[in-house]
Number of protein chains: 2
Amino acid sequence: MEIRRQDIHSSDVPVVCKACEARHGGVCAALSPDQLLELSKHSTRQRLEAGTEVIGQGETVTNYSNIIRGVVKLTKVMADGRQQIVGLQFAPDFIGRPFLTESAIAAEAATDSEICNFSRGVLDRLVKNAPELEHKLHRQALKELDEARDWMLTLGRKSAQEKVASFLYLIATHIDPESVDTSSFDLPLSRADIADFLGLTIETVSRQFTKLRKENVIHIENNRHVTIPDMDRLMRYAGND
Amino acid sequence: MEIRRQDIHSSDVPVVCKACEARHGGVCAALSPDQLLELSKHSTRQRLEAGTEVIGQGETVTNYSNIIRGVVKLTKVMADGRQQIVGLQFAPDFIGRPFLTESAIAAEAATDSEICNFSRGVLDRLVKNAPELEHKLHRQALKELDEARDWMLTLGRKSAQEKVASFLYLIATHIDPESVDTSSFDLPLSRADIADFLGLTIETVSRQFTKLRKENVIHIENNRHVTIPDMDRLMRYAGND
DNA sequence: CGCAGGTTTGAGGTAGATCAATGTCAGTGG
DNA sequence: CCACTGACATTGATCTACCTCAAACCTGCG
């Protein structure tokens with residue numbers, strides 16, 4: 001009896017998915033074993049070096065993806081080259097824009113990453129027969145919408161100092177959701193990326209980092225590793241009271 | 001036969017909904033007549049004067065709404081009073097955040113408006129049994145996400161002039177989707193609201209308006225009525241080429 | 001007429017951009 | 001082991017787009 005119950009959860013689950021770190025967190029969690037099998041037949045794992053493009057702005061969407069490991073940035077560029085990061089995705093987030101054939105944004109690995117690609121057609125077909133799957137995608141879309149609107153406040157109304165502090169707080173709370181100690185981490189973005197995320201220049205970002213360091217709000221090692229001695233203090237610097 | 005077929009579409013549809021301008025455009029379009037009846041039993045029409053709050057930031061969500069007429073602005077405020085408009089909703093858009101009990105944003109009528117309120121519980125129940133309804137809400141969420149990300153680029157990377165031009169272009173293309181001539185319209189927002197939408201001050205917005213007027217990109221009457229002689233020219237000013 | 005709310009205009013200040021130089025560090029090759 | 005390179009980051013000096021503060025200007029309305 002005990003054994004049988006366990007069977008229900010793990011038997012028939014495709015081998016590739018069984019070992020998948022995102023199996024229980026991403027959209028796959030909404031699928032039954034046979035739906036998962038169907039999807040896994042048309043999916044491939046892929047390692048991405050930092051800087052690799054997943055999809056380009058204006059390109060036709062042929063694949064959706066799940067992030068298994070790493071951080072992916074979503075960007076928009078203007079004709080003259082000005083760039084804005086409009087979202088950061090962490091494992092086990094879903095990447096893709098259902099119901100549209102052309103991508104309005106580019107997606108690029110910010111760190112070395114691993115993703116699971118599956119063809120658009122197969123997922124679109126599964127969505128029709130699995131309301132729970134659409135529900136999951138709907139929730140993810142709403143989560144991203146909340147985050148986007150939070151960031152609009154940051155972009156439109158905060159000072160450079162508050163922007164940088166807000167960024168650090170965002171990373172601290174998202175980089176490793178499992179970890180108890182969120183006060184020490186590696187930044188997934190270069191100074192140039194951070195500038196594109198905050199609507200600032202590299203120089204301004206750098207100056208605010210040194211300012212925060214001198215005021216002991218953060219400690220920095222090797223330009224990338226950050227430690228936050230007092231998270232509440234950082235939050236106050238971010239203007240989140 | 002001809003008559004019967006027509007019956008399928010209009011009979012049994014609640015009287016209040018039959019005359020509703022949003023009947024075919026909003027989420028209601030996804031409902032069968034009896035589902036519509038169920039929903040309409042718990043819904044009330046409401047007229048809103050400009051400035052009336054639909055829901056406040058941090059309040060508990062008890063209602064969802066459909067906009068029947070007018071423009072509703074979605075705002076976020078910081079503790080010290082700084083404000084950012086994070087979205088504009090036009091008829092027949094849906095207002096509400098499914099699956100969360102507390103609203104992270106405030107919604108306020110920007111113009112005199114009319115909305116249809118229905119209780120959260122009833123809609124949540126309907127969603128469970130009508131996949132087509134969740135699909136509709138999902139699409140709306142994705143549309144809002146696309147718009148939010150477009151605006152992030154505007155907030156983060158555009159100059160004041162480009163921001164104001166982008167705003168005018170947005171209004172021109174959204175205020176009256178039925179109309180063929182989108183080149184003449186009343187602004188649904190005051191200068192203060194426009195400033196809060198663009199992350200600028202009132203004064204800067206005003207100066208950019210007069211600049212655009214002097215360069216004949218726009219004509220203005222009574223501070224509110226705008227005419228756009230050349231929409232492509234405006235788009236170039238907005239940095240959208 | 002006079003007042004009030006919204007808008008425009010002006011003068012001056014400043015946060016952040018721009019331009020340019022310098023610093024840091026991991027490779028790479030002598 | 002140490003010079004050389006290239007990518008990235010910091011720092012400094014100057015400039016400017018936008019903000020701030022203040023006054024004037026509508027336009028409806030009692």
Side-chain angles (χ1 to χ4, degrees), chain A residues 49-52 73 78 80-84 110-112 154-168 186-215 218-226 237 239, chain B residues 49-51 73 78 80-84 108 110-112 154-168 186-215 218-226 237 239:
Chain A
E49 257 189 294
T52 314
K73 56 182 183 178
M78 294 174 62
D80 61 7
R82 279 176 286 175
Q83 196 161 6
Q84 175 69 43
T111 64
D112 291 342
T154 300
L155 289 173
R157 289 304 186 198
K158 290 189 184 175
S159 69
Q161 169 137 340
E162 288 170 326
K163 283 179 175 182
V164 170
S166 296
F167 167 74
L168 289 168
D186 277 335
L187 292 175
L189 267 55
S190 68
R191 297 292 186 273
D193 281 339
I194 297 171
D196 281 343
F197 193 29
L198 296 172
L200 298 171
T201 58
I202 300 178
E203 294 93 326
T204 300
V205 170
S206 179
R207 277 184 248 272
Q208 296 305 329
F209 265 103
T210 60
K211 198 142 167 273
L212 290 173
R213 181 165 46 72
K214 283 183 181 160
E215 297 177 24
I218 58 175
H219 299 151
I220 307 180
E221 299 158 55
N222 303 329
N223 286 339
R224 282 279 187 151
H225 192 82
V226 176
Y237 272 78
Chain B
E49 257 189 294
K73 57 182 182 176
M78 293 173 63
D80 61 6
R82 279 177 285 174
Q83 195 161 6
Q84 176 69 42
E108 183 180 316
T111 64
D112 291 342
T154 300
L155 289 173
R157 289 304 186 197
K158 290 189 183 175
S159 68
Q161 169 135 339
E162 289 169 325
K163 283 179 174 182
V164 170
S166 297
F167 168 73
L168 290 168
D186 277 335
L187 292 175
L189 267 54
S190 68
R191 297 292 186 274
D193 281 339
I194 297 171
D196 280 343
F197 194 28
L198 296 171
L200 298 171
T201 59
I202 300 179
E203 294 93 326
T204 301
V205 170
S206 178
R207 278 184 248 272
Q208 296 305 327
F209 265 103
T210 61
K211 197 142 166 274
L212 289 173
R213 181 165 47 73
K214 282 183 181 161
E215 297 176 24
I218 58 175
H219 298 150
I220 306 180
E221 298 158 55
N222 302 331
N223 284 340
R224 283 279 187 149
H225 193 81
V226 175
Y237 271 78

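Residue numbers begin at 1 in each chain, while the letters A, B, ... track the order of the sequences.
Contact annotation: B:N223 side-chain N/O to C:dT8 OP1/OP2 distance is under 4.0 Å. At the phosphate of C:dG16, neither OP1 nor OP2 sits under 4.0 Å from any side-chain N or O atom of A:T204. Distances shown here put every side-chain N or O of A:T210 at or beyond 4.0 Å from the OP1 or OP2 atom of D:dT10.
Of the candidate nucleotides C:dG16, C:dT9, C:dT7, C:dG16 has the atom lying nearest to any side-chain atom of A:L200.
Distance B:R82 CZ to D:dC19 P: 13 Å, rounded to the nearest Å. Taking atom CD on B:Q161 and atom P on D:dC18, their separation rounds to 9 Å, with Å as the unit. When the C1' atom of C:dT7 is taken as reference, atom CD1 of B:I202 falls 9 Å away, rounded to whole Å.
Mapping A:R207 and A:R157 onto DNA chain D by nearest heavy atom places A:R207 at the nucleotide closer to the 5' end. Comparing A:V205 and B:R191 along DNA chain C, the residue whose closest nucleotide (by nearest heavy atom) sits nearer the 5' end is B:R191.
Contact of the B:T204 side chain with the B:V164 side chain is not registered, since no non-hydrogen atoms from C-beta on lie closer than 4.5 Å.
Checked options B:I194, B:D193, B:T111; the residue passing with B:P188 is B:T111 (criterion: side-chain contact (heavy atoms from CB on, under 4.5 Å)).
Residue contacts for A:T201: at a heavy-atom cut-off of 4.0 Å it reaches a base atom on one of the strands shown.
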